[in-house]
Amino acid sequence: MFIKIYNTLITILYPLVIQRYVEKRKQKGKEDIARFNERIGRPKLPRPEGKLFWLHGASVGESISMLPLINKILETYPDSHVMVTTGTVTSADVMQKRLPERAFHQFIPIDNPIFTTRFVKHWHPDVALWFESEFWPAVLSSIKRKNIPLILINGRISNKTFKRWQQFDFICKELLGCFNLCLGQSEEDAYRLKVLGAKETLCLGNIKYAGLPLPIDEEAKKVILKQIGNRKFWLASSTHEDEEVRIAKVHKRLMEKFPDLLTIIAPRHPNRGEEIANEIQKLDLNTALRSKGEKITSETNIYIADTIGEMGLWYDIANIVFIGGSLIPHGGQNFIEPSRVRDAVIVGPHMHNFTDAMSRAKKADAVMQVTDTLELQEIVTQLLENENLLEAKRSLAYNWAVSETKVLDGIMDKIKVYF
């Protein structure tokens, strides 16, 4: 009943109110005018022959998290195609650059039943995979009316969202009723989806942890390794303000035992490079800035990797990695990426952005968590001194990260049910 009322109201209100809002979005550059036909359900591209998988994600992050599954689908079904929909210009640009052959991008239609019905009728996918927890009634109901299997992937229901939806459980139940299966990021998410009215729920893992390897410039790698030579070194990645100085102080204490030590800092926001260098130099430490083309010399204590798109390079050359955003109450950054390339991974006390992953990684002894910089210094010292310990920690991290990618096989097994 809710969806019927919603679709009726949207149809009436679109020309009176919503269309003005859309026009303002166009003026602000938030809509791709050249491709706006897609937003009203009039695609210019023809539907490809064979099986068509439709994957939808709202944000850039969700779009990127789709890529491993897209590759898996195309590998499993050689004659199939994948259509990816997003709602923002930025995510469209990212997808256009990163989608493999036999995959293409379209803008999600505006949530008006006239537009969504045209869109679904034109493409008529064999299965739809929804990569977000924002449920658009017109789109979902258009998919359901055509009896297209609809699966929620990586569903996440936060405490706040759960409490809010419980107040409107009749609406939530109707929306979730459009899905044949809801896959939660965690067991808790799967449970909450069930409570809110999903027909069938399950947790196969978090697809964000099955990401593709980060790109590496092999020529740049050779140059950096030649500059480092035989020196011992470690990496502090995705650091935030106030963390770099703390890392530099750890470096200074480590120099008492390892006088030739090199520390590489790759800040989360590279534009802070000069600011970081100025602060560290106050500690009588020599720095070099990658953004300025400065080389690592025998006099360099701390190398600041303040460039964009090179994190894969630093993870590849380092064996010991500290993950930033965790010494301060930020909540931590992605620690799975370095684990995947067989690094020994250390994090600080604040990792609440990755509670579920941290729980599983700790059980596998795949991550080392410290409470402060003194513990960080102690752990780095042990890893630099003991090659057997370092090798063991690298293997544990890698084995755990590989096990997390099994979520792709689980999803494919569920998709196969509909073919």
Side-chain angles (χ1 to χ4, degrees), residues 29-30 57-68 84 86 88-100 105 208-209 211-228 233-248 262-281 287-296 300 302-318 320-328 330-341 343 345 347 353-354:
K30 293 184 177 181
S59 68
V60 172
E62 284 167 339
S63 304
I64 292 173
S65 73
M66 295 178 184
L67 292 171
V84 173
T86 62
T88 66
V89 174
T90 303
S91 58
D93 290 341
V94 171
M95 285 294 98
Q96 294 278 47
K97 294 173 184 175
R98 300 191 63 171
L99 283 176
H105 175 270
K208 289 182 179 179
Y209 306 151
L212 296 172
L214 296 174
I216 300 167
D217 184 329
E218 292 295 336
E219 288 303 313
K221 177 182 172 180
K222 290 177 185 177
V223 172
I224 290 292
L225 289 176
K226 186 176 180 181
Q227 292 177 11
I228 294 174
F233 69 98
W234 66 299
L235 166 68
S237 75
S238 298
T239 54
H240 289 248
E241 187 175 358
D242 191 42
E243 288 186 309
E244 293 89 7
V245 171
R246 297 192 202 186
I247 296 295
L262 172 70
T263 296
I264 300 173
I265 295 179
R268 177 68 175 172
H269 303 290
N271 61 306
R272 295 180 51 245
E274 286 195 52
E275 170 196 329
I276 294 166
N278 291 335
E279 290 298 315
I280 291 175
Q281 286 164 9
T287 64
L289 280 169
R290 183 161 180 78
S291 62
K292 289 188 173 182
E294 296 172 355
K295 297 180 179 180
I296 299 172
T300 305
I302 295 182
Y303 185 63
I304 301 171
D306 56 338
T307 50
I308 296 172
E310 290 195 303
M311 195 60 79
L313 168 65
W314 309 122
Y315 285 155
D316 189 66
I317 67 172
I320 304 169
V321 177
F322 171 76
I323 302 298
S326 63
L327 283 176
I328 58 173
H330 175 78
Q333 300 295 156
N334 190 329
F335 71 97
I336 296 93
E337 289 174 342
S339 302
R340 201 178 293 130
V341 291
D343 290 332
V345 179
V347 299
N353 290 340
F354 297 86

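Note that the structure is predicted; figures quoted are calculated from it, not measured.
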**Message:** Any heavy-atom pair between the side chains of Ile276 and Pro267 that's under 4.5 Å?
**Reply:** yes
**Closest non-hydrogen atom pair, Ile216 against Leu313** = CG1-N, 4.2 Å
**Prompt:** Within a radius of less than 6.0 Å around CZ of Arg246, do more than 12 heavy atoms belonging to other residues, nucleotides or ligands occur?
**Reply:** yes
**Request:** Would you check if Arg290 and Pro270 make a side-chain contact, meaning some heavy-atom pair closer than 4.5 Å?
**Result:** no
**Request:** Take atom CD of Gln281 as the centre, draw a 6.0 Å sphere, and report whether it contains more than 12 heavy atoms from other residues, nucleotides or ligands.
**Result:** yes
**Candidate pair Met311 and Ser238, rule side chain to side chain contact (heavy atoms under 4.5 Å, CB included), full reasoning** = CA-CA 9 Å; Met311 195 60 79; Ser238 298; 3.9 Å; yes
**Request:** Using the side chain to side chain donor-acceptor pair (under 3.5 Å) rule, collect all pairs that involve residues 216-227, keeping only residues at least two apart or in two chains.
**Result:** Lys221-Asp316
**Complete:** One should read off an interatomic distance between Asn278 CG and Arg272 CZ, to the nearest 0.5 angstrom, of 11.5 Å
**Request:** State, with a plain yes or no, whether a side-chain heavy atom of Phe233 is found less than 4.5 Å away from one of Ile317.
**Result:** yes
**Complete:** Correct closest heavy-atom pair for Lys208 and Ser65 would be CG-CB, 3.9 Å
**Partner of Glu244 by side-chain contact (heavy atoms from CB on, under 4.5 Å), out of Leu327, Thr239, Ile304** = Thr239
**Request:** List in chain and number order the residues that pass side chain to side chain donor-acceptor pair (under 3.5 Å) with Glu243, two or more places apart in sequence or in another chain; answer none if no residue qualifies.
**Result:** none
**Message:** Could you check whether any side-chain heavy atom of Glu275 comes within less than 4.5 Å of a side-chain heavy atom of Glu241, counting everything from C-beta outward?
**Reply:** yes
**Message:** What I'd like to find out is whether the side chain of Ile247 reaches to under 4.5 Å of the side chain of Trp234, using heavy atoms alone.
**Reply:** yes
**Request:** Find out whether Tyr303 and Ile224 are in side-chain contact, i.e. whether some heavy atom of one side chain is under 4.5 Å from a heavy atom of the other.
**Result:** yes
**Prompt:** Which atoms form the tightest heavy-atom contact between Ala92 and His105, and what is the distance?
**Reply:** CB-CE1, 3.3 Å
**Complete:** Nearest heavy-atom approach of Leu214 to Gly312 is CB-CA, 3.5 Å
**Item:** Closest contact, heavy atoms only, Val321 versus Ala318
**Value:** CG2-CB, 4.1 Å
**Thr287 OG1 to Glu279 CD distance, which is reported to the nearest 0.5 Å** = 11.5 Å
**Request:** Provide the closest heavy-atom pair for Ser91 versus Thr86 in the form atom of the first, atom of the second, distance.
**Result:** OG-OG1, 2.9 Å
Donor-acceptor pairs under 3.5 Å, side chain of residues 331-341 to any protein atom, not counting sequence neighbours: which ones?
{"unit_1": "Gln333", "atom_1": "OE1", "unit_2": "His240", "atom_2": "NE2", "d": "2.8"}
{"unit_1": "Gln333", "atom_1": "OE1", "unit_2": "His330", "atom_2": "NE2", "d": "3.0"}
{"unit_1": "Asn334", "atom_1": "OD1", "unit_2": "Ile336", "atom_2": "N", "d": "2.8"}
{"unit_1": "Asn334", "atom_1": "OD1", "unit_2": "Glu337", "atom_2": "N", "d": "3.2"}
{"unit_1": "Ser339", "atom_1": "OG", "unit_2": "Phe335", "atom_2": "O", "d": "2.8"}
{"unit_1": "Arg340", "atom_1": "NH1", "unit_2": "Gly211", "atom_2": "O", "d": "3.4"}
{"unit_1": "Arg340", "atom_1": "NH2", "unit_2": "Tyr209", "atom_2": "O", "d": "2.9"}

**Asked** Roughly how far, to the nearest 0.5 Å, is the CZ atom of Phe322 from the OG1 atom of Thr263?
**Response** 12.0 Å
**Message:** Does any part of the side chain of Leu235, heavy atoms only, come nearer than 4.5 Å to the side chain of Asp343, both counted from C-beta?
**Reply:** no
